[in-house]
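What follows is a single structure, written as structure tokens, with notes after it.
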Amino acid sequence: MPKEIKGVDDGTPFNMKYIPSRQIAGNYGVDVRYGIMSGMDPNRAIIALLQMRSDKLVSRDYVRREIPMELNVTQEEQRVDIEEMRDSLRVAVAQYAQAIPALAAQGQDPSEIISRIAEVIQGRQKGLQLETVIGKAFAPKEQPAAPEMAMMPGAPGTPAAGAAPVPASQPTPEQGGAAPAAGPEQRPDIATLLASISGAA
């Protein structure tokens, strides 16, 4: 005779029909498991597991496998990791928003921070995942490519038209020897920078 089973598997209801003589076919068995939870009711077993976990006697994986209920250990571990990472993202965005008053007090423009947070909120209102929205809102902006310095007459490092090349006998900065004369665009040394800050070299 056909039988019918109705139930819920991982939050999804299901309905299955089977014929015992075909699907079971005399395959009966009993799963007996002995351990520290044997003889305890489910409430006491869970309390004992939590106490051992708090004292670091057992691991989280052991607690998940010994808990007195049907549980997909691997799937639950993935869900916990995802929840923790999402909580970290929420905290990071909230801390990012706390920088707005400081920027405004310094006279800087906080519009970029506001626009990114608004983009995250709008994405969540559309039902998108938090990590997807934050990844798009905080993606690095494409920097415009710096124009390449063409080798034009008069450009730095390019000899002027008609100028004679530097003789090999004269030392160049790459060859060492005499130090080049300090030009107007030459960077100051560390002592000069410290003198400008503290007033003394």
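All residue numbers refer to positions in the sequence shown, counting from 1.
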Below 3.5 Å, can you tabulate the donor-acceptor pairs from side chains in residues 119-130 to any protein atom, sequence neighbours excluded?
| unit_1 | atom_1 | unit_2 | atom_2 | d |
| --- | --- | --- | --- | --- |
| R124 | NH1 | L128 | O | 2.6 |
| Q129 | OE1 | R86 | NH2 | 2.6 |

Checklist entry - Would you say the side-chain atoms of E76 pair up with the backbone N or O of N72, donor to acceptor, closer than 3.5 Å? => result no
Next on the checklist: Taking side chain to side chain contact (heavy atoms under 4.5 Å, CB included) as the definition, give me every residue that meets it alongside Q108, ordered by chain and number, with sequence neighbours left out.
Outcome noted: L103, Q106
Checklist outcome for this item: Taken in chain and number order and not counting sequence neighbours, the residues that satisfy salt bridge (Lys or Arg N to Asp or Glu O under 4.0 Å) with D41 are R44
Checklist entry - For V73, what are the other residues in its hydrophobic cluster, where any two members join if their side-chain heavy atoms are less than 4.5 angstrom apart? => result none
Next on the checklist: Per the ring pair (Phe, Tyr, Trp, His ring centres under 6.0 Å) rule, what does the pair list look like for residues 99-131, sequence neighbours excluded?
Outcome noted: none
Checklist entry - M16: which other cluster members, linking ILVMFWY side chains closer than 4.5 Å, directly or transitively? => result I5, F14, Y18, I24, Y28
Identify all side-chain donor-acceptor contacts of residues 87-97 below 3.5 Å with residues at least two apart in sequence or on another chain.
| unit_1 | atom_1 | unit_2 | atom_2 | d |
| --- | --- | --- | --- | --- |
| D87 | OD1 | R90 | NH1 | 2.7 |
| S88 | OG | E84 | O | 3.1 |

Next on the checklist: So, using salt bridge (Lys or Arg N to Asp or Glu O under 4.0 Å) as the criterion, who are the partners of R60 when residues are at least two apart?
Outcome noted: none
Next on the checklist: Can you list everything that forms a side chain to side chain contact (heavy atoms under 4.5 Å, CB included) with E4? Sequence neighbours excluded, please.
Outcome noted: K6, N15, K17
Next on the checklist: With no hydrogens and no angle check, just 3.5 Å: does a side-chain donor-acceptor pair link D61 and S59?
Outcome noted: no
Next on the checklist: Run the side chain to side chain contact (heavy atoms under 4.5 Å, CB included) test against A48 and tell me which residues pass, sequence neighbours left out.
Outcome noted: M37, M40
Checklist outcome for this item: Taken in chain and number order and not counting sequence neighbours, the residues that satisfy side chain to side chain contact (heavy atoms under 4.5 Å, CB included) with E77 are R64, D81
Checklist entry - Tell me, which pairs form a ring pair (Phe, Tyr, Trp, His ring centres under 6.0 Å) where one or both residues lie in residues 41-73, sequence neighbours left out? => result none
Next on the checklist: Atom CD of residue position E70 - does it have more than 12 heavy atoms of other residues, nucleotides or ligands inside 6.0 Å?
Outcome noted: no
